[in-house]
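Data first, discussion second: the structure below is written as structure tokens.
As a basis for the values below, the full set of heavy atoms in this structure was taken, side chains included, without hydrogen atoms, waters or symmetry mates. Numbering of ligands and ligand atoms starts at 1, following listing order.
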Amino acid sequence: FLPMDIAANLASIRSRIEAACLRASRDPSEVSLLAVSKGQPAEAVADAAASGQIWFGESKVQEARAKIPQCPASARWHMIGHLQTNKARDAVHLFEMIESVDSLRLAEDLQKAADKAAKTVRILLEVNAAGESTKFGYSPALLLEEFMRINAFPRLEIHGLMTIAPWSPSPERARPVFRRLRELRSQCEDLLGAPLPTLSMGMSGDFETAIEEGSTLVRVGTSLFGSRSPLRRDPAAEPG
Ligand SMILES: *Cc1c(COP(=O)(O)O)cnc(C)c1O
């Protein structure tokens, strides 16, 4: 995978984001691109950063802890994977936003870690909007029940909601899930009495549909960096 490819892929994704915004009569500046670098070497991050990409997403604390110090300082990081409570402390230090808060217990541990670090942590609440048994995330009912309790943690700043749509070869299948997340955001805004700016939804296969349904943050991995097969691991990390 050549650096040129990442630059070209990035340009193509950005123009697809703009086209989707135009179709939906939205201003492209409302939609941010998170480059999902899990399973990719630091060099891939450096190539994307050299093409102007700022935001990157990782799904494992351990991988992020090893990779982030090798990446350009301009790169800024979101945690997008399931977070075990015992990793809360590391996560608070590594990431500017944690998109995968899915329980009161985790929120409590993030609050404690943030307090120790004297930091405010930006979070999204992850919603299992399609009710898939294999996915992490709040059920819509529990989300609405616990929203204000999580909002009460002084070190946590809720910016919005995140969801992962069920995988399907047809992005249209994800549309009702994205719509559901947008409705849930309105319900949370009603509880809060204030706007929630972020709707993190849409990945390589469905980000254009997500933008049509109001996404403000698309998380794109394979369309940008290529596949995450083991062969694409950092050669420097391989023995011999
Ligand atoms: C891996 C991952 C992505 C990126 O998926 P692609 O299909 O490679 O674009 C986005 N969001 C989350 C939460 C992920 O774990």
Side-chain angles (χ1 to χ4, degrees), residues 1 5-6 8-17 20 31-41 44-45 47-48 53-64 67-68 75-84 87 91 94-103 106 122-132 134-138 143 159-175 177-178 180-181 184 198-211 213-233:
F1 221 71
D5 293 328
I6 290 179
N9 292 347
L10 198 51
S12 144
I13 291 162
R14 285 188 185 136
S15 69
R16 285 169 64 191
I17 289 173
V31 181
S32 302
L33 171 63
L34 187 79
V36 176
S37 52
K38 68 182 183 195
Q40 306 291 347
V45 172
D47 290 340
Q53 179 61 30
I54 295 168
W55 297 102
F56 293 86
E58 286 286 330
S59 61
K60 292 192 176 116
V61 166
Q62 203 175 350
E63 182 177 341
K67 190 184 300 178
I68 290 175
R76 298 167 68 176
W77 300 88
H78 282 202
M79 172 63 178
I80 60 172
H82 179 65
L83 189 56
Q84 287 164 328
K87 301 267 171 59
L94 291 167
F95 299 103
E96 267 184 64
M97 181 178 270
I98 296 171
E99 298 197 14
S100 44
V101 176
D102 58 3
S103 72
L106 174 59
R122 296 170 179 192
I123 62 169
L124 302 181
L125 302 183
E126 180 174 355
V127 186
N128 185 354
E132 289 175 286
T134 51
K135 288 227 168 84
F136 290 107
Y138 270 112
L143 170 77
H159 281 239
L161 305 179
M162 181 270 254
T163 199
I164 304 171
W167 188 88
S168 160
S170 157
E172 278 308 312
R173 298 282 292 276
R175 194 181 291 278
V177 176
F178 296 146
R180 181 89 177 97
L181 195 74
L184 281 166
T198 308
L199 265 187
S200 175
M201 54 189 200
M203 313 187 355
S204 289
D206 55 23
F207 70 86
E208 287 146 308
T209 308
I211 289 170
E213 295 302 328
S215 175
T216 68
L217 182 59
V218 294
R219 311 177 307 267
V220 178
T222 45
S223 286
L224 174 56
F225 293 117
S227 69
R228 292 180 284 267
S229 77
L231 292 174
R232 304 238 24 263
R233 276 162 56 190

Judged on heavy-atom distance to atom 12 (C) of ligand 1, which of Val218, Thr163, Ile80 sits nearest? Ile80
Minimum heavy-atom distance Glu132-Ala165, with the two atoms named: OE1-C, 4.4 Å
Check this for me: Arg122, atom CZ, are more than 12 non-hydrogen atoms of other residues, nucleotides or ligands nearer than 6.0 Å? no
Within 6.0 Å of CZ in Arg175, more than 12 heavy atoms from elsewhere: yes
Please report which non-hydrogen protein atom sits nearest to atom 5 (O) of ligand 1, along with the residue it belongs to and the distance in Å to one decimal place. Met203 CE, 3.5 Å
Any idea which part of Leu224 is under 4.0 Å from ligand 1, heavy-atom wise: side chain, backbone, both or neither? neither
In terms of atom number and element, which parts of ligand 1 are under 4.0 angstrom from non-hydrogen atoms of Val220? 9 (O)
Answer with side chain, backbone, both or neither: which part of Arg228 has a heavy atom less than 4.0 angstrom from an atom of ligand 1? side chain
Considering only non-hydrogen protein atoms, determine which one is nearest to atom 6 (P) of ligand 1 and report residue, atom name and distance to 0.1 Å. Ser204 OG, 3.5 Å
Inspect the surroundings of NZ in Lys60 and state if more than 12 heavy atoms from other residues, nucleotides or ligands are less than 6.0 Å away. no
Within 4.0 Å of some non-hydrogen atom of Lys38, the atoms of ligand 1 are 1 (C), 2 (C), 3 (C), 14 (C), 15 (O)
Check the angle between the aromatic planes of Trp77 and Phe56 and answer parallel, tilted or perpendicular using the 30° and 60° thresholds. tilted
Under 3.5 Å, is there a donor-acceptor pair between the side chain of Gln40 and the main chain of Val45? no
Subset of ligand 1 atoms that lie under 4.0 Å from at least one heavy atom of Arg219: 4 (C), 9 (O), 10 (C), 11 (N), 12 (C), 13 (C)
